[in-house]
Amino acid sequence: MKKIISVVISSLLLLSLFSCSEKERAEHYQLTVNTVIDDLEIDVKSAEQPSGTYYLYVGIFQNNRQLAIVGPKEVNGGCANAVISLVADQTYDLVFWAQGATAAYYIENLSAITIPTDNQPTLTLSASKQYDAFCAVLKGVNFSGSITQEVQLQRVGGVLNILHSGELSAGAIESTTVEYTSFTIYNPLTGEYSGDESPTCQTIIFPKSLEFVEKETINGTKCTVLARSYFFTPEKKFREVKITTTNNNNNTIKETTLTSVPFEQNKKTNIIGNF
């Protein structure tokens, strides 16, 4: 596994989370956490590195109740520095969540991270990669002195990769819309995915410049990347996927519906065809 982002927690301060005695107030200790976002293997090939600006958030919980969220802390040059100060001899659960700056996850409550299913933005391919998210949980943190803890953040969902078999020039397609159903809520504390399996519709703009047209070689076949979409799923499931390509007049070039497409956590599903 290839390390992508090393995050050292050493400068954020959590204060006054709950009422306590003067003695308890005097017994704060520093928890320093070294976190690493791992490039986990997806199918045969490793996942791509996270693209663009990423931020780290830390949720502090007691008895399944969120006390506070520390962050956002920008991951800059592979590192971010923070310190979390907690009262000694009390037990906490900590949720570490890293996401792209433009990702539209709702994270006001880090025990119910939500993917919005309405008002989905139209994205460039680069911006769609920002939906790759990583998470880790430390449960039962209870200490009586300053400590350092190692944590590895791992990919939460999987990725749907839409590839045109062959090469396309810039402007050949205006956009690609991908539609499927997926779970919309993830609870890192329990590892459970929930919410009704709601329709997800994501539109990716094809680049206007040849410089930004992305290509991959899959099993010896040269392909043009049309879209990437990240999803939540707890186990391998087979879903229906609808793919629609349009031209610059917003007219449909081709509409394709596939059944029994495999969705699996931390897996890349490649759909290759003549779109």
Side-chain angles (χ1 to χ4, degrees), residues 42-45 47-48 51 102-104 115-133 155-184 193 195-210 212-275:
I42 287 195
D43 283 349
V44 177
K45 293 185 176 181
E48 295 185 353
S51 175
T102 60
I115 297 178
T117 57
D118 55 351
N119 299 320
Q120 289 253 1
T122 298
L123 302 169
T124 64
L125 187 60
S126 178
S128 72
K129 296 178 186 178
Q130 291 260 287
Y131 283 68
D132 201 2
R155 182 171 279 101
V156 176
V159 59
L160 188 62
N161 207 28
I162 311 300
L163 304 138
H164 178 83
S165 180
E167 298 191 13
L168 289 176
S169 60
I173 292 175
E174 175 71 14
S175 65
T176 303
T177 300
V178 184
E179 301 173 71
Y180 55 88
T181 60
S182 179
F183 287 100
T184 57
Y193 299 80
D196 294 333
E197 294 192 63
S198 301
T200 295
C201 180
Q202 189 172 71
T203 301
I204 307 298
I205 298 295
F206 197 67
K208 304 290 186 184
S209 169
L210 188 61
F212 299 105
V213 175
E214 294 192 23
K215 300 174 183 180
E216 285 190 11
T217 299
I218 307 294
N219 297 327
T221 301
K222 291 184 178 180
C223 302
T224 302
V225 182
L226 298 182
R228 285 195 177 93
S229 186
Y230 294 86
F231 53 82
F232 288 175
T233 187
E235 58 189 13
K236 189 172 183 178
K237 296 194 71 172
F238 293 90
R239 304 177 187 274
E240 182 176 286
V241 176
K242 181 180 176 181
I243 304 164
T244 305
T245 51
T246 61
N247 60 22
N248 57 9
N249 293 319
N250 204 32
N251 295 323
T252 298
I253 298 174
K254 190 171 183 179
E255 186 175 281
T256 305
T257 299
L258 302 172
T259 59
S260 300
V261 176
F263 280 47
E264 191 170 358
Q265 183 180 15
N266 199 45
K267 297 290 184 180
K268 177 190 285 185
T269 298
N270 290 323
I271 298 179
I272 306 173
N274 183 10
F275 300 108

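The figures that follow rest on heavy atoms only: side chains count, while hydrogens, waters and symmetry mates do not.
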Value rounded to 0.5 Å, distance of CD1 in Ile243 from OG1 in Thr257: 8.5 Å
Are any of the side-chain heavy atoms of Val241 and Phe263 separated by less than 4.5 Å? yes
Glu179 CD to Glu255 CD distance, which is reported to the nearest 0.5 Å: 8.0 Å
Separation of Glu216 CD from Thr224 OG1 (nearest 0.5 Å): 10.5 Å
Given side chains that start at C-beta, do those of Val213 and Phe206 come closer than 4.5 Å, heavy atoms only? yes
Write down the atom of Leu125, the atom of Glu214, and the distance for their closest heavy-atom approach. CD2-CD, 3.5 Å
When you measure from the side chain of Asn249 to the backbone of Asn251, do you find a donor-acceptor pair of N or O atoms at a distance under 3.5 Å? no
State the OG-CD1 distance between Ser126 and Ile205, to the nearest 0.5 angstrom. 13.5 Å
Where is the tightest heavy-atom contact between Phe183 and Lys237, given as atom of each residue plus distance? CE1-CD, 4.4 Å
What heavy-atom pair brings Ser209 and Ala170 nearest, and what distance separates the two atoms? C-CB, 3.5 Å
Residues Gln130 and Ala103: closest non-hydrogen pair is O-CB, 3.4 Å
Thr200 and Ser182 have their tightest heavy-atom pair at OG1-CB, 4.3 Å
Show, in sequence, the C-alpha distance, side-chain angles and deciding distance for Thr252 and Thr244, and conclude whether the side chain to side chain contact (heavy atoms under 4.5 Å, CB included) test is met. CA-CA 7 Å; Thr252 298; Thr244 305; 3.9 Å; yes
Nearest 0.5 Å, please: how far is OG1 in Thr176 from CD1 in Ile253? 8.0 Å
Name every donor-acceptor pair, under 3.5 Å, that has one atom in a side chain of residues 160-169 and the other anywhere in the protein, sequence neighbours excluded.
unit_1 : atom_1 : unit_2 : atom_2 : d
Asn161 : OD1    : Arg228 : NE     : 3.0
Asn161 : ND2    : Asn270 : OD1    : 3.0
His164 : ND1    : Phe275 : N      : 3.1
Glu167 : OE1    : Lys215 : NZ     : 3.0

Nearest 0.5 Å, what's the CD-CZ distance between Gln265 and Phe231? 9.5 Å
Looking at Thr122, is its backbone amide N or carbonyl O close enough to the side chain of Thr203 to form a donor-acceptor pair, meaning the two atoms are under 3.5 Å apart? no
Could you check if a side-chain atom of Thr177 sits within less than 4.5 angstrom of a side-chain atom of Thr246, using non-hydrogen atoms only? no
Taking the six-membered ring of Tyr180 as reference, does the NZ or CZ atom of Arg239 fall below 6.0 Å from its centre and within a 45° cone about the axis? no
Tyr193/Val156 under side chain to side chain contact (heavy atoms under 4.5 Å, CB included): CA gap, chis, key distance, verdict: CA-CA 10 Å; Tyr193 299 80; Val156 176; 4.1 Å; yes
Side-chain heavy atoms of Ile204 within contact of Val178, under 4.5 Å: no
Are Thr184 and Phe232 close enough, and set up right, to give a side chain to side chain contact (heavy atoms under 4.5 Å, CB included), and what steps lead you there? CA-CA 7 Å; Thr184 57; Phe232 288 175; over 6 Å; no
What verdict does the side-chain hydrogen bond (donor to acceptor under 3.5 Å, both in side chains) test give for Gln202 and Tyr131, after you've listed the backbone C-alpha separation in whole Å, the side-chain angles of each residue and the deciding distance to 0.1 Å? CA-CA 11 Å; Gln202 189 172 71; Tyr131 283 68; 5.1 Å; no
Return yes if some donor-acceptor pair links the side-chain N/O of Thr269 with the main-chain N/O of Pro262 below 3.5 Å, else return no. yes
